Amino acid sequence: MTRRPPSSTTRPSNRDDSTHPRPRTVNGAPYPGAPHAGARTVHSGKRAALTREFPPTPPTVWTAGLDPIDPAAAWPVPIIETITTSFSTSGAQVLLTPWPAVDSAGSRSAGAGDLDAALDAVHALGRHPAVTKLRPIAATSHTAADGDRVGLVITSLPPDRGADGSAEAVALAAAQALVFGGVLAVYTHSDWSSGQLTDPTGPMIEAAQNADLLYLQHIVTLLTPIRNGRLHPLTATERSGVEPGGRELGAPMTQARAHGDILVFAQAHAGAAQLEDLR
């Protein structure tokens with residue numbers, strides 16, 4: 001059974017799945033440092049105790065809304081919106097981090113329209129977003145002060161960049177930028193356009209764990225709507241057309257990619273990650 005966010009019909013929704021294993025709790029929290037949604041008083045006989053309430057861990061499959069999501073988009077707005085509402089609260093600082101360019105001449109130009117739209121969407125959700133290129137802090141430098149850290153970092157990993165060493169740099173930089181309990185969310189997908197399957201999730205998970213980030217979840221986010229209980233992929237004609245917002249969809253493919261992947265990691269250590277501690 002699918003459950004859709006009430007505020008939008010285009011945003012991916014979360015599917016409740018009671019068989020999904022949840023991370024081990026720590027004092028009622030799903031992971032160390034997890035932000036709590038508030039507190040309530042629990043009465044037991046004549047005694048009363050104040051307990052924290054934590055938001056539920058998001059399910060591992062997010063369905064698309066009524067409209068398909070462009071598989072070619074590096075920063076699909078509906079998915080970025082759901083990441084934001086799932087892993088941050090109103091007023092939170094959110095960093096949107098472009099993946100490091102292959103060379104120094106690279107810039108935001110590739111996918112800049114997607115990124116700007118994602119920035120506007122996060123702002124509309126009541127967060128304080130910024131677009132920042134993260135770089136690991138040198139071992140001899142001081143780490144960022146707590147007031148400079150953020151609760152959520154979102155990045156988009158191209159499938160062909162998982163094994164070139166860039167994942168290690170992004171993971172280290174994110175570990176240093178996050179507050180205790182903060183989350184790194186990596187949107188990516190596999191690719192087979194070269195004739196060989198390329199899956200960047202393994203190298204990204206290894207890099208994040210080497211940066212001492214806690215691996216929380218692998219979320220599958222569907223790109224095609226579900227109709228009558230089945231996925232409804234775009235036809236070749238539809239894939240070469242224009243989506244409802246007026247944006248041209250990616251070029252037609254012989255096989256349609258039906259989902260993307262979100263890798264979720266948490267900063268579960270009160271002290272910021274130091275390069276010398278992670279080697």
Side-chain angles (χ1 to χ4, degrees), residues 23 30-35 58 74-75 79-80 83-84 86-88 92-104 106 108 111 115 118 129-146 148-191 198-219 221 260-279:
Y31 58 91
W75 296 88
I79 293 174
I80 300 302
I83 292 174
T84 301
S86 297
F87 299 106
S88 71
Q93 301 285 337
V94 177
L95 289 187
L96 305 182
T97 304
W99 201 259
V102 176
D103 53 54
S104 58
R108 286 183 55 195
L115 184 54
V131 174
T132 303
K133 293 181 179 179
L134 291 179
R135 295 177 178 85
I137 300 172
T140 56
S141 301
H142 295 291
T143 56
D146 287 343
D148 297 328
R149 303 175 202 259
V150 300
L152 176 61
V153 173
I154 305 174
T155 190
S156 179
L157 166 58
D160 60 341
R161 300 292 308 282
D164 65 359
S166 57
E168 284 79 3
V170 170
L172 285 170
Q176 294 166 342
L178 289 169
V179 298
F180 178 47
V183 165
L184 166 65
V186 181
Y187 177 67
T188 189
H189 61 84
S190 57
D191 180 72
T198 300
D199 184 358
T201 59
M204 185 66 235
I205 293 170
E206 181 180 7
Q209 291 180 324
N210 286 341
D212 222 12
L213 292 171
L214 178 64
Y215 179 32
L216 292 182
Q217 280 186 291
H218 179 173
I219 297 171
T221 180
D261 303 280
I262 302 170
L263 305 175
V264 185
F265 308 92
Q267 176 53 272
H269 301 279
Q274 292 277 7
L275 283 175
E276 60 266 31
D277 295 334
L278 302 174
R279 289 174 175 169

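Given the structure is predicted, the values throughout are model-derived calculations rather than measurements.
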Between R161 and P100, is there a donor-acceptor pair closer than 3.5 Å when you use the side chain of the first and the backbone of the second?
yes
Looking at [X] and [Y], what are the two nearest heavy atoms and their distance?
{"X": "A167", "Y": "P203", "result": "CB-O, 4.4 Å"}
{"X": "L96", "Y": "A118", "result": "CD1-C, 4.0 Å"}
{"X": "S190", "Y": "D261", "result": "N-OD2, 4.1 Å"}
{"X": "Q267", "Y": "A175", "result": "NE2-O, 2.8 Å"}
{"X": "R135", "Y": "Q176", "result": "O-OE1, 4.4 Å"}
{"X": "F265", "Y": "M204", "result": "CZ-O, 4.1 Å"}

Side chain proximity check, [X] to [Y], heavy atoms < 4.5 angstrom:
{"X": "T155", "Y": "P98", "answer": "no"}
{"X": "T84", "Y": "I154", "answer": "yes"}
{"X": "L157", "Y": "Y187", "answer": "no"}
{"X": "V264", "Y": "I219", "answer": "yes"}
{"X": "H218", "Y": "I262", "answer": "no"}
{"X": "V150", "Y": "V179", "answer": "no"}

Residue pair N210, E168: steps toward the side chain to side chain contact (heavy atoms under 4.5 Å, CB included) verdict:
CA-CA 8 Å; N210 286 341; E168 284 79 3; 5.6 Å; no
Do W99 and S166 have side-chain atoms, one donor and one acceptor, less than 3.5 Å apart?
yes
Gap separating the NE2 atom of H189 from the OG atom of S156, nearest 0.5 angstrom
7.0 Å
Could you state the interatomic distance from CH2 (W75) to CD1 (I83), rounded to the nearest 0.5 Å?
8.5 Å
Could you walk me through whether L178 and V153 pass side chain to side chain contact (heavy atoms under 4.5 Å, CB included), step by step?
CA-CA 7 Å; L178 289 169; V153 173; 3.7 Å; yes
Of the options L152, V131, L134, which is the one that meets L95 in a side chain to side chain contact (heavy atoms under 4.5 Å, CB included)?
L134
